[in-house]
Amino acid sequence: MAKPDSDKPTAGGAEGGERSDFIREAVREHMRTGRFGGRVQTRFPPEPNGYLHIGHAKALSIDFGIAEDFGGKCNLRFDDTNPVKEDDEYVEAIKHDVRWLGYDWEDRLYFGSDFFEQMYDYAVELIEKGLAYIDDQSPDQIRETRGTLTAPGKNSPCRDRAPAENLDLFKRMRAGEFPDGSRVLRAKIDMAHPNVNMRDPVMYRILHAEHHRTGEKWCIYPMYDWAHGLEDSIEGVTHSLCDLDYENHRPLYDWFIDAINKGRPEPIHHPQQIEFSRLNITYTVLSKRKLLTLVEDGHVTGWDDPRMPTLCGLRRRGYTPEAIRDFLKRIGVAKYSGINDIALLEHCIREDLNKTAPRVMAVLRPLRVVIENYPEDQVEELDAINNPEDLSTGTRKVPFSRVLYIERDDFMEDPPRKFFRLAPGREVRLRYAYYITCTGVVKDEKTGEIVELRCTYDPATRGGDAPDGRKVKATMHWVSASHAIDADVRLYDHLFTKEDPDDTPEGQDFTANLNPHSLELVTGCKLEPGLAQAKPGDRFQFERLGYFCADSDSTDERQVFNRTVTLKDTWAKVRKAEK
RNA sequence: UACCCGGUGGUGUAAUUGGUAACACACCAGGUUUUGGUCCUGGCAUUCCUGGUUCAAGUCCAGGCCGGGUAGCCA
């Protein structure tokens, strides 16, 4: 399906959906004029040399999204033209991430290396037409004679080699007669071209390396610029969507196809490349090189560290595919290279999880509370709502007893004006339980640290409502001390302290802006007992704190949770404003 | 001082393709609330500049200013 010749105008959604951006507009115009026979075919072309990150997800959402909007198809194609960097391990990881995000390439999985033979034949055609030549210069010589951005380059002494000799040399290159780096095949374009990419670019280099798919079959490998457009052409891709980096390369891709088609009875398919700006997010780096540095230098624990913007990192952090796709939809597509506020991503995950994550009570920094007038051995099972945004998820029972834990932050001995929570003599509500009043503070004699609160409860307020209608200013979460389970919780914050991590003093790199507090490990947390059943990947809202995701590091004795994102916190804002 | 591409609020996008600036996030101010969450209401831009065409310009034209990218046998 959607092969070059199945040119049936695409049905349903062929209007291009309700979304409007400059690419969809162009495709719509192509549909109107019949440019590609009413066909839309895209592709997502990662190189299998690393893990996908949210920037790739933007490309994914454009490639698959536009195909879907116009009733077309999107291929998954691995661009594997550099055997020394690529590996099967990445192929599998990438496929997994693409599927996780919710995109389906069906049976259209391709590898650039599947087309090596065809590309070789095209190269032979160019040589025969005198449009490509073998250059014996060294890499250094080629670089030196390329010229600069403002000065033209110089012709290679090999440039006017006869086609027959070029062909012979090219065949011998393939046959393995020459060592790595000794020769290359170059396109014969123009060494004085103002676009440096057009100064006789290298098409093939000699690389005696084992390829993850073709093994030892080849010892010459096509350069990306030569291969990429041909892969698109062979697959019948109508719209080659890519980021702005390749804008200056488009004339070259067009030149290659035109050169192949020159004098050819059956011209090969000529895709239309359209470039969009890549994703930038505040407090984040999104380049493979920088992400690799973070991993290799141990600034994070790995590619799936929950602070990483990789898809595996975001997944472990607790992000949902829905939230990521929603974010990508909201930021749109354009050519302007701006920077997106990470707050929007956080908004998207909150919005998703608010509707879907079960609420539970978890005390991160426990403060012991004894309800003095509550019977010593009594335990009550109280009803708690699982999700007030989705009552169909029902209720659960949580145990209440004489000794509880509350959050240390929820008590202040000497509270400022706007602090609504517990304080000496003050009454608050324990969620789904009772009103309690603080009657005493127990301190460590040596350190002065508060170790326990003494409180009384009002039995008439069971469930959290006062029959006399009296109000409290705060409702707090809690757990029963004897029933709670233990957990470690990882609190994550932005990986960098600057919106633009590259904004550094002279001589320093982006790692100078690493946030030393991007991970805070909190041990000895107390969770409501039901959480013992949580499985890695399960997401919850810890009431009043944020959204958390059970981590694979959890053991039978101790659950481990990662904080996906905090709840919006106006109290934190108030405190910050008063500082 | 070469070539390519951009410029609409704090941020990212929109504007029936020439008809009087919209949406979201952020921020600020209120309301509701058994989560200081959610939800609701209100506030927040003379579209980089200067000229021109036009009844009418964010949209078209000219010049300028500013920003990004480009010199791998990487992709």
Side-chain angles (χ1 to χ4, degrees), chain A residues 20-21 25 45-47 49-50 79-82 84-86 135 137-140 142-143 146-153 180-186 193-199 201-207 220-221 223-225 227-228 242 244-251 275 277 280 282 288 327 330-348 350-351 354-355 359 361 384-385 388-389 418-421 429-433 435 461 463-466 471-477 499 541-546 566-574:
Chain A
S20 163
D21 59 62
E25 216 164 273
E47 184 190 14
N49 73 338
D79 234 320
D80 53 353
T81 56
N82 187 357
V84 304
K85 289 189 174 177
E86 296 147 8
D135 196 345
Q137 293 184 111
S138 70
D140 282 349
I142 288 180
R143 180 163 35 75
R146 185 156 29 230
T148 69
L149 293 176
T150 50
D180 289 4
S182 58
R183 288 186 163 81
V184 291
L185 179 69
R186 288 233 255 175
H193 199 107
N195 180 343
V196 194
N197 295 130
M198 301 295 271
R199 319 242 257 232
V202 173
M203 295 164 63
Y204 278 91
R205 75 284 216 190
I206 301 171
L207 240 36
I220 58 172
Y221 289 93
M223 295 288 292
Y224 174 89
D225 277 347
H228 192 84
C242 61
L244 257 22
D245 294 5
Y246 299 101
E247 211 163 24
N248 294 330
H249 296 245
R250 177 162 26 93
E275 311 86 8
S277 73
N280 292 303
T282 53
K288 267 187 196 173
F327 168 72
R330 288 173 187 242
I331 60 172
V333 185
K335 297 197 78 159
Y336 176 72
S337 324
I339 184 157
N340 292 277
D341 195 338
I342 197 167
L344 180 60
L345 214 211
E346 293 169 345
H347 167 80
C348 291
R350 283 192 190 104
E351 188 174 77
N354 177 49
K355 285 180 295 199
R359 271 58 171 173
M361 293 197 282
I385 294 168
E389 301 297 313
K418 290 179 182 164
F419 184 84
F420 303 151
R421 283 108 97 145
R429 172 168 42 229
L430 293 181
R431 184 145 224 225
Y432 302 127
Y435 281 17
T461 59
D465 274 310
K471 301 286 186 200
V472 287
K473 294 196 86 173
T475 300
M476 295 167 17
H477 62 280
E499 281 201 5
Q541 184 195 102
F542 289 0
E543 291 217 35
R544 305 206 302 135
L545 298 175
T566 61
L567 250 30
K568 286 216 276 185
D569 190 349
T570 56
W571 167 235
K573 263 184 202 170
V574 170

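Chain letters run A, B, ... following the sequence lines, proteins first and then strands; every chain starts at 1.
No contact: A:Arg250 has no heavy atom under 4.0 Å from any strand. Note on A:Tyr432: a base of the nucleic acid sits closer than 4.0 angstrom, heavy atoms only. Residue contacts for A:Phe419: at a heavy-atom cut-off of 4.0 Å it reaches a base atom on one of the strands shown. Here A:Glu275 lies out of heavy-atom contact (under 4.0 Å) with every strand. Using a 4.0 Å heavy-atom cutoff across all strands shown, A:Asn340 reaches sugar-phosphate atoms only and no base atom.
Among residues two or more places apart in sequence or in another chain, the side-chain hydrogen bond (donor to acceptor under 3.5 Å, both in side chains) test is passed with A:Tyr435 by A:Arg429. In this structure A:Asn280 satisfies the side chain to side chain contact (heavy atoms under 4.5 Å, CB included) test together with A:Ile339, sequence neighbours excluded. For the side-chain hydrogen bond (donor to acceptor under 3.5 Å, both in side chains) test, residues two or more places apart in sequence or in another chain that qualify with A:Lys335 are A:Glu247. Take A:Asp21 and apply the side chain to side chain contact (heavy atoms under 4.5 Å, CB included) test, not counting sequence neighbours, and it matches A:Ile23, A:Arg24, A:Val333. Remark: A:Tyr336 engages no residue in a side chain to side chain contact (heavy atoms under 4.5 Å, CB included) (not counting sequence neighbours). When the side-chain hydrogen bond (donor to acceptor under 3.5 Å, both in side chains) test is applied to A:Glu346, the partners found at least two apart in sequence or on another chain are A:His494. Applying the side chain to side chain contact (heavy atoms under 4.5 Å, CB included) test to A:Asp341 and every residue at least two apart in sequence or in another chain returns A:Thr282, A:Ala343. For A:Asp79, the side-chain hydrogen bond (donor to acceptor under 3.5 Å, both in side chains) partners are A:His228, not counting sequence neighbours.
Here, B:A21 and B:G30 have their C1' atoms 27 Å apart, quoted to the whole Å. For B:C61 and B:U54, the P atoms lie 16 Å apart once the distance is rounded to whole Å. Separation of the P atoms belonging to B:G58 and B:U20 is 10 Å when rounded to the nearest angstrom. Across B:G31 and B:U38, the matching C1' atoms stand 14 Å from one another, rounded to whole Å. Across B:G52 and B:A57, the matching P atoms stand 12 Å from one another, rounded to whole Å. B:U8 and B:A22 are spaced 11 Å apart, taking the C1' atom of each and rounding to whole Å. Distance check on atom P: B:G42 versus B:C25 gives 14 Å, rounded to whole Å. Comparing the same atom, P, in B:U47 and in B:G7 gives a spacing of 15 Å after rounding to whole Å.
Base orientation of B:G72: syn, the glycosidic angle falling within 90° of 0. Base orientation at B:U41 is anti, since its O4'-C1' glycosidic dihedral falls outside 90° of 0.
Residues A:Ile385 and A:Tyr432 form a side-chain contact, since some pair of their non-hydrogen atoms from C-beta on lies under 4.5 Å apart. Looking at A:Arg544 and A:Thr475, their side chains never come closer than 4.5 Å, going by heavy atoms from C-beta outward. At a threshold of 4.5 Å between non-hydrogen side-chain atoms, the residues A:Asn82 and A:Asn49 do not count as touching.
The side chain of A:Thr150 places no N or O atom within less than 4.0 Å of a non-bridging phosphate oxygen (OP1 or OP2) of B:C3.
Across the protein-nucleic acid pair, A:Met476 atom CE and B:U35 atom P stand 13 Å apart, rounded to whole Å. Taking atom CD1 of residue A:Ile385 and atom C1' of nucleotide B:U33, one finds them 12 Å apart after rounding to whole Å. The CD-C1' distance, from A:Gln541 to B:G36, rounds to 13 Å in whole Å. A:Ile331 has its CD1 atom 15 Å from the C1' atom of B:A14, to the nearest Å. Computed from coordinates, the A:Asn280 CG to B:U13 P distance equals 10 Å when rounded to whole Å. If you measure from atom CZ of A:Arg421 to atom P of B:G37, you get 11 Å, rounded to the nearest angstrom.
The distance from the CZ atom of A:Arg199 to the NE2 atom of A:His193 is 9.0 Å, given to the nearest 0.5 Å. Taken to the nearest 0.5 Å, the CZ atom of A:Arg183 stands 13.0 Å off from the CD1 atom of A:Ile220. To the nearest 0.5 Å, atom OH of residue A:Tyr246 and atom CG of residue A:Asn197 are 11.5 Å apart.
The strand RNA chain B forms stems, runs of 3 or more Watson-Crick or G-U wobble pairs with distances below 3.5 Å, at B:2-7 with B:65-70, B:10-13 with B:22-25, B:27-31 with B:39-43, B:48-52 with B:60-64.
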I'd like a table of atom pairs between the protein and nucleotides 20-26 of chain B - only N or O on both sides, under 3.5 Å - with the distance next to each one.
residue, atom, partner, partner atom, Å
B:A24, O2', A:Arg330, NH1, 2.8

Filtered N/O pairs between nucleotides 16-19 of chain B and protein, under 3.5 Å:
residue, atom, partner, partner atom, Å
B:U17, O4, A:Glu25, OE1, 2.9
B:U17, O4, A:Glu25, OE2, 2.7

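The residues A:Glu275 and A:Arg250 are annotated as salt-bridged, a charged nitrogen and a carboxylate oxygen being separated by less than 4.0 angstrom.
Judged by distance alone, the side chain of A:Asn248 and the main-chain N or O of A:Asn195 form no donor-acceptor pair under 3.5 Å.
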Query raised in the report: For nucleotides 67-75 of chain B, read 5' to 3', which letter fits each nucleotide if B means a protein heavy atom sits under 4.0 Å from the base, S means only the sugar-phosphate is that close, and - means neither?
Result: --BBBSBSB
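Both A:Thr570 and A:Ile339 lie close to RNA chain B; mapped to their nearest nucleotides by heavy-atom distance, the more 5′-ward contact belongs to A:Ile339.
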